[in-house]
Colleague: 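First the structure, then my questions, so here it is.
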Number of protein chains: 2
Amino acid sequence: MRHPLPPVVLVLAGHDPTGGAGLVADSEAIAACGGWAVTIPTALTVQNCHNVIRIWPADPAVMRQTAEALGDMQIAAIKLGLLANEATLRAAEQIIRRFPGVPVVADPVLKAGGGAELSTPELQKLYSDRLLPLVDILTPNRFELAALTPEITDPYDDTARAVALLSQGCQGVLVTATDDPLPPGNVQQVVHTLHSPDTTRQWQWPRLPDVFHGSGCTLASALAARLAVGERLPTACEQAQHYTWESLSHGYQPPSGQCLPNRLPRPVRF
Amino acid sequence: MRHPLPPVVLVLAGHDPTGGAGLVADSEAIAACGGWAVTIPTALTVQNCHNVIRIWPADPAVMRQTAEALGDMQIAAIKLGLLANEATLRAAEQIIRRFPGVPVVADPVLKAGGGAELSTPELQKLYSDRLLPLVDILTPNRFELAALTPEITDPYDDTARAVALLSQGCQGVLVTATDDPLPPGNVQQVVHTLHSPDTTRQWQWPRLPDVFHGSGCTLASALAARLAVGERLPTACEQAQHYTWESLSHGYQPPSGQCLPNRLPRPVRF
């Protein structure tokens, strides 16, 4: 007698060879948070724990065929990661539209942890125009939040920026403020803020001393999994942050570069 | 204070969108067995739990660049999966040669669980000529064992076949006999056999009632992880089989098609 498959999260994301980020990381986080990931690569990347060296966007026709082949998997949530060119962004839009009513978590990956630019202003505009209206919850860091709302000039008015994104059709915005503290000068705590039409909610987490590779992927995927299993948005946001903080605080130090999250209870005992 | 990264297993394998097999499955099994996977895609595939629909072999230049970017990761074992054309097979050979002395586990993926041919006689010949001399332990099922030793005609003389592979430079052969029982007519037990120059060892496992998607990937990756953490070959073979059997016996039934292994203790409790 087999168990039924856990709620399935469809992941559209890049592949990161290090396993720190990208679709492998997403799959781990989703499994740990009670889901099963099916993954459509949006790009292959050459990278290590220092930076992204090169990106090859996927063939949009392959992305669409893959989604079609997975047709009977009863998708319960969608997680959107790296979209590195217009063709893959439009393919992602088409795929999302195949699953009306399914919650969409989007991590707007615009820049690598090591600093490499993964997007352009044109692509960010297309992201806002084509994808935001389909997104239930966007998970930008403060850099990404600012890049998606260039018309707002006050560097600390996150609320105005979030309202601008909500007005574009997005249902919620969870802003992470790890790299660029809010309020300015706050070095002890990391404050994450959920903006939605009917509520604003904040969580504080003890700041960890390291820089991580894949924390954003982990958060967004955990959130998608918790929505897939049926949690409501604020609870899912809290659970995903808790899970991510635990993964980071038990993280690994590779020989050089950014630390890697420890997303799984490991190893199995032998 | 961070933990050091677990022993790193370099995976060269295809991407399977279902997560049942391929590099996502490999990463899960490696994590659960005490390692950390870094992955180089050898192919993208369109597939579901019924069969492989289409394969796009990777660009060998991308494979090589990815291996180079991962250069400082201190690779402790290598796991080789799908190699769907000559160019990716030769790139895999070049990559393996960058890491002399590192144990290599090769799962000779020639056919999909659903029956799709993933290889050709020419490619199997190249596999024997170029890769076998670099392989520490090959993990064929009985179909793959026969395909790699076409000169031997007795369908049940696995020992002769294994000896033929060992004479080509491979250090060990772990033959799995799930789909094609050995001895013929054995339907209660699954017998797996390790052939190496100095020993032959067999393990019996209660036969499970289902057909699985990704059992071969799980076994080979678990074995690579256990070698990476320092286990000796017979012990690593036993641990990998035990882990794989547990993953299958707790497996999941998707809406249709083959069952999916449950490779991780999941979910985290919230």
Side-chain angles (χ1 to χ4, degrees), chain A residues 2-6 15 17-19 23-24 27-28 31-41 44 46-49 53-54 56 58-59 62 65-66 68-74 210 225-226 229 239 242-243 246 250-257 259-260 262-268 270, chain B residues 2-6 15 17-19 23-24 27-28 31-41 44 46-49 53-54 56 58-59 62 65-66 68-74 210 225-226 229 239 242-243 246 250-257 259-260 262-268 270:
Chain A
R2 296 289 143 244
H3 304 283
L5 195 64
H15 171 266
T18 72
L23 59 84
V24 170
S27 296
E28 285 184 355
C33 291
W36 179 276
V38 298
T39 56
I40 300 180
L44 298 187
V46 171
Q47 61 182 296
N48 51 35
C49 296
I53 296 159
R54 203 165 157 191
W56 284 263
D59 180 337
V62 177
Q65 285 174 37
T66 306
E68 199 165 329
L70 294 170
D72 76 346
M73 290 291 267
Q74 298 176 356
D210 305 294
R226 298 312 293 168
V229 304
Q239 291 173 335
H242 181 78
Y243 168 74
E246 288 288 332
H250 294 91
Y252 295 123
Q253 177 65 63
S256 72
C259 289
L260 297 167
N262 178 358
R263 280 173 287 257
L264 301 171
R266 74 176 80 179
V268 168
F270 287 97
Chain B
R2 297 289 142 247
H3 304 283
L5 195 63
H15 171 265
T18 72
L23 60 85
V24 170
S27 297
E28 286 184 355
C33 291
W36 179 278
V38 298
T39 56
I40 301 181
L44 298 187
V46 171
Q47 60 182 297
N48 51 34
C49 296
I53 296 159
R54 203 164 155 190
W56 284 264
D59 180 337
V62 177
Q65 285 173 37
T66 306
E68 198 165 331
L70 295 170
D72 76 346
M73 291 292 266
Q74 297 175 358
D210 305 294
R226 297 313 291 167
V229 304
Q239 291 173 334
H242 181 78
Y243 168 74
E246 287 289 330
H250 295 92
Y252 295 123
Q253 177 65 63
S256 70
C259 288
L260 297 166
N262 177 359
R263 280 173 287 255
L264 300 171
R266 72 177 81 181
V268 169
F270 287 98

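Numbered from 1 within each chain, the chains take letters A, B, ... in sequence-line order.
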Colleague: At a 4.5 Å cut-off on heavy atoms, which part of A:Glu68 comes close to chain B: side chain, backbone, both, or neither?
Modeller: neither
Colleague: Once you round to the nearest 0.5 Å, how far does CG of A:Leu264 lie from CD of B:Glu28?
Modeller: 7.5 Å
Colleague: Kindly give the heavy-atom pair with the smallest separation between B:Leu70 and A:Gln47, and that separation in Å.
Modeller: CD2-O, 3.9 Å
Colleague: In Å, rounded to the nearest 0.5 Å, how long is the span from CG of B:Leu44 to CG of A:Asp59?
Modeller: 9.5 Å
Colleague: Indicate the ring-plane relationship of A:His250 and B:His3, choosing parallel, tilted or perpendicular according to the 30° and 60° boundaries.
Modeller: parallel
Colleague: Can you name the nearest heavy-atom pair linking A:Val38 to B:Thr18, along with the distance?
Modeller: CG1-O, 3.8 Å
Colleague: Output the option from B:Ile53, B:Leu260, B:Leu23 having the highest count of non-hydrogen pairs under 4.5 Å with chain A.
Modeller: B:Leu260
Colleague: Which one wins on heavy-atom pair count under 4.5 Å against chain B: A:Pro17, A:Cys259, A:Ala69, A:Gly257?
Modeller: A:Pro17
Colleague: Ignoring hydrogens, what is the shortest heavy-atom contact between A:Val46 and B:Gln65? Give both atom names and the distance.
Modeller: CG1-O, 3.8 Å
Colleague: Between A:His15 and B:His15, is any pair of side-chain heavy atoms under 4.5 Å apart?
Modeller: no
Colleague: What pair of heavy atoms forms the shortest contact from B:Pro255 to A:Asp72, and how long is it?
Modeller: CG-O, 3.2 Å
Colleague: So, for B:Leu5 and A:Tyr252, which heavy atoms are closest and what is the spacing to 0.1 Å?
Modeller: CD1-CB, 3.6 Å
